[in-house]
Amino acid sequence: MKNRLTLFFLWFSFFLTAQVPPYYSSIDFSQSGSSVKTQLTSLISSTHNQITYDDCWNVLKISDLETGSSTHVLLVYGYNDTDGDPVTDRTRNKDLNGGNVGEWNREHVFPKSLANPDLGTSGPGADAHNLRASDTQQNNNRGNKKFISGTGNPGDISGDWYPGDEFRGDCARIIMYMYLRYESQCLPSAVGTGTINSIDPNMVDLFLDWNADDAVSQFEKDRNDAIQNAQGNRNPFIDNPAIATKIWGGPLAEETWEVVSISSVSKVAIVVYPVPVTEDMLYISGLSTLDLQQLQLTSISGQLIDQLNPEEIVKNGGISMDQYKSGSYILSLIFEDQIVRKKIIIQ
């Protein structure tokens with residue numbers, strides 16, 4: 001029996017480890033978020049074999065093929081193939097590329113001019129992970145507008161740009177990749193609007209929300225493989241969206257490997273009461289000696305409801321709940337090296 005148990009645990013350990021793709025074998029995901037970020041920057045930089053901007057035409061004809069198609073590329077910011085308007089087309093023949101009306105070209109999801117210095121069309125400007133097939137006119141409509149929160153189809157919102165419900169997660173994961181790969185040259189805060197992340201002032205929480213709300217599609221997975229074949233490196237946030245949660249906190253994104261330690265046991269016993277909440281206050285004990293960095297209230301599905309002031313919560317010993325509707329929520333307490341989550345119910 002002892003030998004059987006030993007074999008079982010050896011197999012189980014191998015099973016968990018095997019879930020992480022070999023590409024990431026050098027990364028220690030048990031380390032702090034900042035350490036994981038540094039390790040990943042080194043990995044995706046050292047494995048990047050630079051291609052030219054002209055090469056990217058042929059790369060996108062493969063990487064951006066609509067799932068299940070060998071002839072049509074998926075156009076970022078597109079949403080309707082039947083309305084007779086080429087600007088809104090969602091797909092297009094892969095060989096109709098160029099700069100004319102009815103053709104598709106290469107959209108820099110992180111616009112060239114918003115980087116510092118400008119990305120140009122070589123080096124960083126020819127990174128296929130940042131380029132998406134786009135209708136030429138829709139590409140021009142977006143221009144270098146910053147991303148903004150919205151719903152529905154893509155379009156301009158008060159001079160900024162909503163990429164559309166289908167593409168918000170795609171864009172967020174591209175922006176986070178560019179930040180990892182090119183660091184200070186490609187700051188998310190230069191391309192996104194909204195609340196600045198409390199862990200990293202260069203990150204915008206909008207991208208973390210989109211990463212959690214819009215799950216990775218099969219198209220993104222296939223695209224990641226195709227780009228690795230072309231230029232050697234991968235986008236880690238497509239392979240495991242929870243890496244973003246590990247690094248920057250925010251709502252819990254999908255964890256695809258079960259090894260990214262973002263929900264480890266608390267350093268002390270944190271108690272939240274009463275549950276269900278039957279009065280105005282939700283009390284939290286065990287916070288006074290901890291390095292609490294963020295405290296967020298999200299829906300069960302991960303949508304951010306409120307970002308709370310940690311200092312006020314520690315000072316008051318809890319949260320005033322009378323402003324929130326009845327229902328179930330997740331309270332996330334985010335520290336340097338872990339995230340503690342508590343389910344609460346408001347009656």
Would a distance-only check, ignoring hydrogens and angles, find a side-chain to backbone donor-acceptor pair under 3.5 Å from [X] to [Y]?
X	Y	result
Ser46	Leu43	yes
Asn197	Met203	no
Glu66	Val73	no
Thr38	Ser34	yes
Thr193	Phe147	yes

Report task. Among Asn130, Thr41, Asp127, find the residue that satisfies the side-chain hydrogen bond (donor to acceptor under 3.5 Å, both in side chains) test when tested with Tyr182. Result ->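 That would be Asp127.
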How far apart are the closest heavy atoms of [X] and [Y], and which atoms are they?
X	Y	value
Pro163	Trp210	CD-CH2, 3.5 Å
Pro274	Tyr283	CD-CD1, 4.3 Å
Pro111	Gly143	CG-O, 4.2 Å
Ser113	Asp118	CA-OD2, 3.4 Å
Leu180	Ile44	CB-CD1, 3.8 Å
Phe167	Gly78	CE1-O, 3.2 Å

Between [X] and [Y], does any side-chain donor sit less than 3.5 Å from a side-chain acceptor?
X	Y	result
Glu220	Asn224	no
Gln231	Asn233	yes
Ser320	Asp280	no
Tyr324	Asp306	yes
Ser158	Asp160	no

Going by an N to O cut-off under 4.0 Å, is there a salt bridge joining [X] and [Y]?
X	Y	answer
Asp170	Arg132	yes
Arg234	Asp225	yes
Arg92	Glu103	no

Query raised in the report: Passes side-chain hydrogen bond (donor to acceptor under 3.5 Å, both in side chains), Tyr162 versus Thr151? Steps please.
Result: CA-CA 8 Å; Tyr162 180 60; Thr151 58; over 6 Å; no
Would [X] end up clustered with [Y] when hydrophobic side chains under 4.5 Å apart are linked, directly or stepwise?
X	Y	value
Ile227	Phe219	no
Tyr79	Val109	no
Leu40	Leu208	yes
Phe29	Met176	yes
Ile51	Ile62	no

Student check: side-chain heavy atoms of [X] and [Y] closer than 4.5 Å:
X	Y	result
Gln31	Gln39	yes
Asp209	Ser149	no
Trp161	Ile148	no
Phe110	Tyr179	no
Leu65	Leu74	no
Lys94	Thr71	no
Asn80	Thr82	yes
Asp214	Asp165	no

Report task. Apply the test side chain to side chain contact (heavy atoms under 4.5 Å, CB included) to residues Gln185 and Asn116: give CA-CA distance (whole Å), side-chain angles for both, the deciding distance (0.1 Å), then the verdict. Result -> CA-CA 5 Å; Gln185 184 176 5; Asn116 187 19; 5.7 Å; no
How long is the gap from [atom1] on [X] to [atom2] on [Y], to the nearest 0.5 Å?
X	Y	atom1	atom2	result
Asn144	Arg142	CG	CZ	7.5 Å
Trp257	Gln19	CH2	CD	10.5 Å
Trp104	Thr91	CH2	OG1	13.0 Å
Leu331	Ile305	CG	CD1	12.0 Å
Gln228	His48	CD	NE2	12.0 Å
Glu311	Asn316	CD	CG	11.5 Å

**Report entry** Sub-6.0 Å ring centroid separation between His108 and Tyr53
**Finding:**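 Close enough - the centres of the two rings lie under 6.0 Å apart.
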Query raised in the report: Given the side-chain rings of Phe207 and Trp248, with only the six-membered ring counted for Trp, is the space between their centroids under 6.0 Å?
Result: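 No; Trp248 has its ring centre 6.0 Å or more from that of Phe207.
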Query raised in the report: In chain order, what residues pass the side chain to side chain contact (heavy atoms under 4.5 Å, CB included) check against Thr256, with sequence neighbours excluded?
Result: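 For Thr256, the residues satisfying side chain to side chain contact (heavy atoms under 4.5 Å, CB included) (neighbours in sequence not counted) are Asn240, Pro241, Glu254.
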Query raised in the report: Listed by chain and number, what are the side chain to side chain donor-acceptor pair (under 3.5 Å) partners of Gln138, not counting sequence neighbours?
Result: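 Side chain to side chain donor-acceptor pair (under 3.5 Å) check on Gln138 returns Asn141.
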